[in-house]
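Following: one structure in structure tokens, then a few remarks.
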Amino acid sequence: MDRTISLFSAEASGPGVADLAGLLCCQGQITGFGRTAARLSVNVDEQWRARVLARECRRRGADAQVAVRECGRPQVRTSFRVDLLPLSVQWLRRGCSGPSEDDSGKALPEGFRLSGAMLRMWALAAGRQGPSGYLLGMDPLAPHLHDDLLAALAPLGVHARLLGPKAEEPAARLTGRRRLDGLLELIGEAPAGAEDAWPELPELREETRPERTEGDSRRGGGGGSPLQYLLGDVLEAVG
């Protein structure tokens, strides 16, 4: 599908280390080594995610390796690198050098602004189809970040809602054709193997439209009243 490249889309500028902040918006972790270097790591659920993310890290000059943790989940991890130090300085709370068992140590940087490239990294690591919309997974070890990340999505036109406390994993949920279309414009096309985890636009189906009867034709009806269409737009707007 041909799409106009937005100023904020992933294709609008060349890849850079700053794009890797998208991994910290979800379950990615940053560990500092004094004030000399830092390491980025992210655990994922599928091998294709690990392969793609390792490649994306390398495109940004941060050599990354894929390993399998004891629990069986793939992990992407860089070495300790000087060029990752700004991420640890920006994202780690004062006095924290990295994640602990129940705390990521992360804090949203002051004035943080998401880009399409960061959002693409987020989707590659934690994006998935849900039963009632598209989900961008969030870090269960950083619940204090969730509302702030929803606010950071809004300036890009990505208006999402936080899944309730009964959800298995925290996530930002997007619903409605307009919102999903805007998200796709920002993150670009799915890489090979990621198609099932990429946003899909809800299509209009003939069977969902009211049948047009002979009476409708005589009255000049078009298969639905203006009120019906208005109601549909309102439901999409409130998500």
Side-chain angles (χ1 to χ4, degrees), residues 1-16 18-28 42 44-45 49 52-53 56 87 90-91 104 106-140 142-165 167-191 194-203 232-239:
M1 181 184 298
D2 293 333
R3 294 182 179 276
T4 302
I5 296 180
S6 163
L7 177 65
F8 303 102
S9 72
E11 294 89 356
S13 61
D19 303 340
L20 301 180
L23 300 179
L24 300 177
C25 294
C26 53
Q27 69 272 18
V42 58
V44 293
D45 292 327
R49 293 186 191 268
V52 172
L53 289 174
E56 292 297 327
L87 282 179
Q90 295 164 8
W91 279 84
S104 71
K106 293 186 296 189
L108 200 70
E110 185 176 355
F112 176 68
R113 292 186 179 183
L114 268 170
S115 67
M118 294 178 191
L119 197 52
R120 180 177 175 86
M121 297 295 291
W122 188 352
L124 289 172
R128 64 189 187 275
Q129 297 289 343
S132 56
Y134 187 73
L135 304 178
L136 288 168
M138 293 181 167
D139 191 346
H144 54 282
L145 292 185
H146 298 170
D147 287 334
D148 290 339
L149 286 169
L150 290 184
L153 286 165
L156 295 179
V158 182
H159 298 284
R161 291 187 174 186
L162 186 64
L163 283 186
E168 292 184 5
E169 296 182 358
R173 182 180 65 186
L174 289 85
T175 58
R177 184 181 178 88
R178 293 186 186 92
R179 295 173 185 177
L180 293 174
D181 189 56
L183 177 63
L184 277 169
E185 182 180 335
L186 288 165
I187 66 176
E189 300 295 331
E195 293 83 1
D196 290 343
W198 223 239
E200 292 182 357
L201 298 182
E203 301 293 342
D233 287 341
V234 169
L235 289 175
E236 181 173 321
V238 299

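Using a distance-only test at 3.5 Å, with no hydrogens or angles considered, no donor-acceptor pair links the side chain of R49 to the main chain of A194. Counting only distance, with no hydrogens or angles, the side chain of W198 and the backbone of G188 share a donor-acceptor pair below 3.5 Å.
Each of R177, R178, R179 was evaluated against T175; a single residue qualifies, R179, per the side-chain contact (heavy atoms from CB on, under 4.5 Å) test.
Between L149 and C25, the closest heavy-atom pair is CD1-O, 3.3 Å. The minimum heavy-atom distance linking V158 with L174 is given by the pair CG1-CD2, 3.1 Å. When all heavy atoms of A171 and L135 are compared, the pair lying nearest together is CB-CB, 4.1 Å. Here the closest non-hydrogen pair linking I187 and A123 is CD1-CB, 4.2 Å. Pairing each heavy atom of L162 with each of D147, the nearest pair is CD2-OD1, 4.0 Å. Nearest heavy atoms, L124 versus P191: CD2-CG, 3.6 Å.
Applying the ring-ring contact (aromatic ring centres under 6.0 Å, His included) criterion to W122, with sequence neighbours excluded, gives no partner residue. Qualifying side chain to side chain contact (heavy atoms under 4.5 Å, CB included) partners for D196, counting only residues two or more places apart in sequence or in other chains: none. Annotation: side chain to side chain contact (heavy atoms under 4.5 Å, CB included) contacts of A107 (sequence neighbours excluded): R93. Checked against side chain to side chain donor-acceptor pair (under 3.5 Å), Q27 has no partners two or more places apart in sequence or in another chain. Every residue two or more places apart in sequence or in another chain that forms a side chain to side chain donor-acceptor pair (under 3.5 Å) with D45 is listed here: R73.
If you take CG on L119 and CE on M121, they are separated by 11.5 Å, rounding to the nearest 0.5 Å. Note that CH2 of W91 and CG of L20 are 11.5 Å apart. Values are rounded to the nearest 0.5 Å. L184 contributes atom CG, which lies 10.5 Å from atom CZ of R120 (distance to the nearest 0.5 angstrom). Of the inter-residue distances, the one linking L136 atom CG with L183 atom CG reads 6.0 Å to the nearest 0.5 angstrom. With rounding to the nearest 0.5 angstrom, the CG atom of L156 is 8.0 Å from the OG atom of S115.
Pairs engaging residues 126-140 under the side chain to side chain donor-acceptor pair (under 3.5 Å) rule: Q29-D139, K106-D139, S132-R173 [sequence neighbours left out].
Residues L145 and L24 form no side-chain contact, since every pair of their non-hydrogen atoms from C-beta on lies 4.5 Å or further apart. For the pair E200/L180, no side-chain contact is recorded, criterion being any heavy-atom separation below 4.5 Å from C-beta on.
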